[in-house]
2 protein chains.
Amino acid sequence: MTDETPNAEPPRKRRKDERPAEIIEAGLKEFAEKGFAATRLEDVAARAGVVKGTIYRYFADKDELFEAAIRSQVAPVFDHVEALVDAFPGSCEELLKAVFRRIYEQMFETDLNVLMRIIISEGGRHPKIAEYYYTQSISKGRALLTKIIARGVERGEFRAGPASDLPMIVLAPAIMAMVWTMTFDRFDPVAAERFMAAHIDLVFNGLRANAAH
Amino acid sequence: MTDETPNAEPPRKRRKDERPAEIIEAGLKEFAEKGFAATRLEDVAARAGVVKGTIYRYFADKDELFEAAIRSQVAPVFDHVEALVDAFPGSCEELLKAVFRRIYEQMFETDLNVLMRIIISEGGRHPKIAEYYYTQSISKGRALLTKIIARGVERGEFRAGPASDLPMIVLAPAIMAMVWTMTFDRFDPVAAERFMAAHIDLVFNGLRANAAH
DNA sequence: CAAAATAATGACCATAAAGTCATTTATCAT
DNA sequence: ATGATAAATGACTTTATGGTCATTATTTTG
């Protein structure tokens with residue numbers, strides 16, 4: 001009856017290569033749930049299946065782990081989209097819709113929401129991280145949107161409005177969806193589908209009824 | 001030369017009535033800047049011109065101060081607007097614009113941004129606070145928007161679109177403006193004016209050029 | 001103008017969590 | 001097999017800060 005499983009794994013394993021990624025993943029989730037300051041490295045360790053001391057073999061301190069966690073996730077959000085934009089055969093409206101869909105997909109089906117949650121709630125206090133995310137992702141996204149909208153205007157599909165100068169505003173409802181799920185979803189849940197449908201409708205058509213002029 | 005100013009105020013003052021408000025104000029700002037977990041009660045005390053122990057005469061613990069700080073700010077955001085809505089003489093479009101203007105004003109000229117900053121970044125981890133804010137502010141705001149949009153649809157000013165079911169989506173660009181100023185404004189500043197102009201244009205007109213359809 | 005009442009202080013305690021490091025042990029090279 | 005290497009451990013130290021409380025000083029009041 002005493003715990004003596006015969007084929008038990010050795011309690012300790014050396015896995016130099018896998019560890020950092022595992023610790024980063026655990027850290028990312030803890031940081032997203034608790035915030036940077038309230039995250040305990042011991043919890044991160046537990047989640048990664050190691051002991052606190054092990055973290056320090058791979059990361060100098062909490063800040064460095066935090067940075068590494070962010071960096072690990074930033075990469076591919078807009079990359080997929082980038083190819084799409086240049087090669088897209090259809091109308092700019094269809095293209096933009098495809099981009100929106102992609103963003104909602106990533107936001108609700110991958111760890112992007114974890115990253116955004118961290119950026120939104122900690123970005124202000126960690127300029128390094130905010131800047132990194134800005135240069136790696138946001139600025140690219142903005143450039144992409146600028147291009148799509150400019151093309152749409154050129155082709156006569158879109159009006160030449162202030163969105164040409166502030167293109168990220170067409171993503172605002174997606175940001176709101178993120179903030180909403182972070183804070184109020186518990187009391188007033190909104191399905192991603194509904195948000196996306198309303199988003200697309202509003203951004204293309206606006207509220208106003210198509211009156212005479 | 002030794003510090004013996006003749007008319008110096010007594011170093012200690014008893015101000016039972018003013019203290020709580022001062023501590024709350026100091027707390028609010030510290031919480032907004034550092035976040036709940038990273039805020040040090042000693043800093044709050046210093047900012048309020050008292051000593052840490054004094055805080056505990058008025059608040060049981062850090063959580064209670066936090067709650068008090070939130071509650072102190074929630075009150076009047078939509079109240080001003082509420083009167084406006086019922087009495088407004090003009091079109092629904094003008095009414096909505098007035099509401100938007102009011103929100104941007106409050107967001108950038110009062111402490112509303114401080115509150116929103118806290119709600120956005122800490123709401124997820126403090127359900128009590130999020131729920132309080134939701135019931136006190138958000139739900140009222142939503143009801144108001146619902147009313148305005150329904151009226152607009154009725155009068156033929158607005159299309160009957162998904163925004164009727166998800167009215168807060170028309171505020172999304174304002175939320176985005178808030179998130180933006182919290183995180184990326186440092187690297188890529190956007191004036192509130194520009195944001196608001198783009199917001200209004202997008203929400204009423206949408207992107208699409210008014211083609212024959 | 002005492003003397004009681006209590007706001008404010010600052011020194012203190014308790015605890016939690018970051019960070020360190022000598023020891024243990026899995027893995028690798030010979 | 002055996003010794004060398006270094007990954008992993010866990011017990012330890014340090015520090016920070018939330019929270020307490022006896023003492024001090026300012027009002028109040030009788």
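For the numbers below, each heavy atom of this structure counts, side chains included, while hydrogens, waters and symmetry mates do not.
Rounded to an integer number of Å, the gap from CG of Asp61(A) to C1' of dT15(D) is 15 Å. Leu65(A) has its CG atom 11 Å from the P atom of dA18(C), to the nearest Å. Atom OH in Tyr56(B) sits about 17 Å away from atom P in dC13(C), given to the nearest Å. Here dA16(C) presents its P atom at 15 Å from NZ of Lys62(B), a figure rounded to the nearest Å. Here dG19(C) presents its C1' atom at 13 Å from CG of Asp63(A), a figure rounded to the nearest Å.
For the salt bridge (charged side-chain N to carboxylate O under 4.0 Å, His left out) condition, the pairs that include at least one residue of residues 140-151 of chain A, sequence neighbours left out, are Asp86(A)-Lys147(A), Arg142(A)-Asp188(B). Sorted pairs that involve residues 102-118 of chain B and meet salt bridge (charged side-chain N to carboxylate O under 4.0 Å, His left out), not counting sequence neighbours, are lacking altogether. Among residues at least two apart or in separate chains, salt bridge (charged side-chain N to carboxylate O under 4.0 Å, His left out) pairs with a member in residues 27-37 of chain B are Glu25(B)-Lys29(B), Glu30(B)-Lys34(B), Glu30(B)-Arg47(B), Glu33(B)-Arg47(B), Lys34(B)-Asp43(B).
Under the ring-ring contact (aromatic ring centres under 6.0 Å, His included) criterion, Tyr58(B) pairs with no residue, sequence neighbours left out. The ring-ring contact (aromatic ring centres under 6.0 Å, His included) search around Phe31(B) returns Phe36(B), Phe66(B), not counting sequence neighbours. Partners of Tyr133(B) by ring-ring contact (aromatic ring centres under 6.0 Å, His included), not counting sequence neighbours: none found. With sequence neighbours excluded, no residue forms a salt bridge (Lys or Arg N to Asp or Glu O under 4.0 Å) with Arg194(A).
In the region residues 24-44 of chain B, proximity to DNA chain C at under 4.0 angstrom, judged on heavy atoms, holds for none of the residues.
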For nucleotides 6-10 of chain D, tabulate all protein N/O to nucleotide N/O atom pairs closer than 3.5 Å, reporting atom names and distance.
residue: dA6(D); atom: O4'; partner: Arg14(A); partner atom: NH2; Å: 3.4
residue: dA6(D); atom: N3; partner: Arg14(A); partner atom: NH2; Å: 2.4
residue: dA7(D); atom: O4'; partner: Arg14(A); partner atom: NE; Å: 2.9
residue: dA7(D); atom: O4'; partner: Arg14(A); partner atom: NH2; Å: 3.1
residue: dA8(D); atom: OP1; partner: Lys13(A); partner atom: O; Å: 3.1
residue: dA8(D); atom: OP1; partner: Arg15(A); partner atom: N; Å: 2.5
residue: dA8(D); atom: OP1; partner: Arg19(A); partner atom: NH1; Å: 2.7
residue: dA8(D); atom: OP2; partner: Tyr58(A); partner atom: OH; Å: 2.4
residue: dA8(D); atom: N7; partner: Arg57(A); partner atom: NH1; Å: 3.1
residue: dA8(D); atom: N3; partner: Arg12(A); partner atom: NH1; Å: 3.2
residue: dT9(D); atom: OP2; partner: Val51(A); partner atom: N; Å: 3.2
residue: dT9(D); atom: OP2; partner: Thr54(A); partner atom: OG1; Å: 2.8
residue: dT9(D); atom: O4'; partner: Arg12(A); partner atom: NH2; Å: 3.4

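Ring geometry, Phe184(A) versus Phe187(A): the interplanar angle falls from 30° to 60°, so the pair is classed tilted.
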